[in-house]
Amino acid sequence: MEFTVFASFPMFLLLVLVLVFLYIKRTQNYWKRKGVPQLEPNMLFGDIKPIATGMESQASFFRQMYLKAKSQGLKGIGIYAGWTPFYVPINVELIKRIMVKDFNSFRGRGIYYHDKDLLTMNVFFVSGDQWKKQRTKMTPIFTSGKLKQMFSIIKQKGEKMSRIVQEDVDLDRLIDIKDLSARYTTDIIAEVAFGLDSNTLQHPQHQLREIGRSLIKPYVFKRTIEMIFSSDFLGKLRYRSFPSDVYEYFLPLIKSSIEYREKTGFHRVDFLQLLMQLRDSLLSDKSKSPNDQKSSIFSETEMLSNAFIIYLGGYETSSSTTCFAMYELASNPEIQEKLREEILDSLRKNDNQVTYESISEMQYLDKVFKETLRKYPVLSSLTRGCTEDYVIDSTVTLKKGTRLLIPVMGLHWDPDFYPNPEQFNPENFSPEKIASRPENAYIPFGDGPRLCLGMRLGVLQTKLGLILLLKDFRFTLHESSKKNHLKFAKGMLLTSFKDPVMMKATKI
């Protein structure tokens, strides 16, 4: 009897392996059965092996995938993250349908969030009715009028950054513009989000800066399992999307700041104050029925999670954009000089002051900014979740629950829309060039109802930082960071350079 059991175990194991193999093969033929062109997936990683193993950056991966599919005349392709199918639309008009015209069929982001993972319960992550309610509540706090009230805070941080550069000039030191940009945006978002004076510009080892570094580390394993497994499954396992030190730092920080303001009546112009006012105004709206009041309440979870996402969204995206812009300006001195002349001309017209209004009047600055995000979209792909069955055409229907990846980097590097896409050319955003291509060929902030809420803040702090640096200093790349030496970091959710970006500044 013992011999029989022992002898049958290898057969049982073989049977299990065969069944698993057949299951994976069937699962990874999902798109083929639906008549959608697909790649040749790896049995373990699907099509994302280069990303999951850290062999290739997301930016490079999606650019190459898009260009290959488009060269074959495909409207869209199917890929797999492990055994999870994703649809990747390639046709620019189809992308516009998904993101704008037929948005109600794609109201989800198709990414992980769960109510047991508090920091994911914000307007960026949630979907469906939860998203709609939060978006409606949050939109009024991101108006240009609210940002204008915070302008002096942002400007002070930019002026401090300029003084740091002057110190480096005086001591003949090289500047790591990647690190400097991160400290600049950290100081801005800490103050306008929480009222916290972190001063990482002068104290780079501040805990908030360390937490910022922790947030953007290449957590390849985490990002991979979030693509493969459902939110419900991960939530039941008490999975957390962010490192534990992030939860331990941010939640007490935000809670204590709220308690202090409630207890003392302290008031200041920042996003936390606006979130508190939003909560209080909704709680005190007696014109609504009890049921409507309950559904409109801005909960503590929503307050904490949205305060966190304001920090995360405002810090790294603007930091990387500022770094990319400075890299290209230092690499292209003629563009740098042209932009500087516009900045100095604006200062002469405004009593040597940078104002909220004067920034929006600088047309060449706007071209440089847009071209930076064209060549270096911080999110190389956008995600969507299909919230109801959706007909692509007569042959393809996406089932409810299907997840999509929008290849932003591919669109932005498409030579049909941007000739010589590897070249940094601000004139890609002249009125004539903009009118000559489809509107959805440029979507660094997304499009449609899920357009980035914090877009105005990101634009403002990046443009102001460039102005305050370029008006006083000329920047050149150090030999170690010359063109083609820098590569994108691998395994990162957001697009960023892998190495420091070293520059020399000269006082004008």
Side-chain angles (χ1 to χ4, degrees), residues 51 56-63 124 154 157-158 161 175-190 192-193 200-201 204 208-219 223 309-331 365 368-382 408-409 412-413 424 426 442-446 452-470 475 477 481 483 485-503:
I51 298 175
E56 191 174 346
S57 69
Q58 285 198 35
S60 174
F61 177 82
F62 284 109
R63 181 176 70 226
F124 181 84
I154 300 172
K157 305 304 179 185
M161 176 173 63
I175 300 164
D176 179 359
I177 204 71
K178 180 181 175 182
D179 180 64
L180 183 67
S181 299
R183 286 150 55 199
Y184 162 65
T185 57
T186 296
D187 281 359
I188 289 174
I189 205 65
V192 301
T200 65
L201 278 165
L208 191 59
R209 178 74 182 103
E210 295 302 319
I211 290 292
R213 290 191 181 97
S214 177
L215 277 168
I216 63 168
K217 284 180 181 177
Y219 296 102
R223 302 292 85 86
I309 204 63
I310 289 171
Y311 168 78
L312 178 58
Y315 147 62
E316 173 57 24
T317 55
S318 296
S319 165
S320 293
T321 304
T322 304
C323 173
F324 290 137
M326 289 298 296
Y327 170 74
E328 288 292 347
L329 291 169
S331 301
L365 173 63
V368 168
F369 175 82
K370 287 177 177 175
E371 176 67 355
T372 299
L373 283 178
R374 193 279 304 171
K375 189 172 180 181
Y376 306 101
V378 178
L379 280 171
S380 58
S381 66
L382 299 171
V408 179
M409 183 65 85
H412 287 196
W413 280 67
F424 186 80
Y442 181 74
I443 49 172
F445 294 103
C452 176
L453 258 179
M455 178 177 67
R456 287 193 181 97
L457 175 60
V459 173
L460 176 60
Q461 59 183 342
T462 300
K463 286 185 175 181
L464 184 56
L466 295 176
I467 291 169
L468 295 174
L469 287 175
L470 295 173
F475 293 86
L477 277 179
S481 298
K483 266 186 178 289
H485 288 194
L486 292 173
K487 297 181 179 179
F488 292 136
K490 298 173 183 176
M492 302 284 280
L493 179 64
L494 303 179
T495 307
S496 64
F497 282 135
K498 175 177 178 288
D499 300 312
V501 182
M502 305 308 298
M503 295 186 180

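Computed from a predicted structure; not experimentally measured.
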In Å, rounded to the nearest 0.5 Å, how long is the span from [atom1] of [X] to [atom2] of [Y]?
X: M161; Y: Y184; atom1: CE; atom2: OH; value: 5.0 Å
X: I175; Y: M502; atom1: CD1; atom2: CE; value: 8.5 Å
X: I154; Y: I188; atom1: CD1; atom2: CD1; value: 5.5 Å
X: I177; Y: F475; atom1: CD1; atom2: CZ; value: 5.5 Å
X: M409; Y: R374; atom1: CE; atom2: CZ; value: 9.5 Å
X: I443; Y: L373; atom1: CD1; atom2: CG; value: 12.0 Å

Would a 4.5 Å heavy-atom cut-off, applied to side chains only, mark [X] and [Y] as touching?
X: T495; Y: S57; value: no
X: L312; Y: T317; value: no
X: L457; Y: I189; value: yes

Return the minimal non-hydrogen interatomic distance between [X] and [Y], and the atom names on each side.
X: T321; Y: V378; result: OG1-CG2, 3.5 Å
X: P204; Y: E210; result: O-OE2, 4.1 Å
X: M326; Y: L466; result: SD-CD2, 3.6 Å
X: S181; Y: T322; result: OG-CG2, 3.5 Å
X: S496; Y: F324; result: CA-CZ, 3.7 Å
X: Y315; Y: A182; result: CE1-O, 3.8 Å

For this session: Any chance you could lay out the side chain to side chain contact (heavy atoms under 4.5 Å, CB included) test for T186 and L208, step after step, and finish with the verdict?
Result: CA-CA 8 Å; T186 296; L208 191 59; 4.0 Å; yes
For this session: Run the numbers on F424 and T372 for side chain to side chain contact (heavy atoms under 4.5 Å, CB included), then give the verdict.
Result: CA-CA 8 Å; F424 186 80; T372 299; 3.7 Å; yes
Between the side chain of [X] and the main-chain N/O of [Y], is any donor-acceptor distance below 3.5 Å?
X: D176; Y: V501; answer: yes
X: H412; Y: E371; answer: no
X: Y376; Y: C323; answer: no
X: E328; Y: K375; answer: no

Exercise. Does R209 come within less than 4.0 Å of D179, counting only side-chain N to carboxylate O?
Worked result: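 D179 and R209: salt-bridged.
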Exercise. Cation-pi between K463 and F369: NZ/CZ under 6.0 Å from ring centre and within 45° of the ring axis?
Worked result: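 Satisfied, under 6.0 Å and within 45°.
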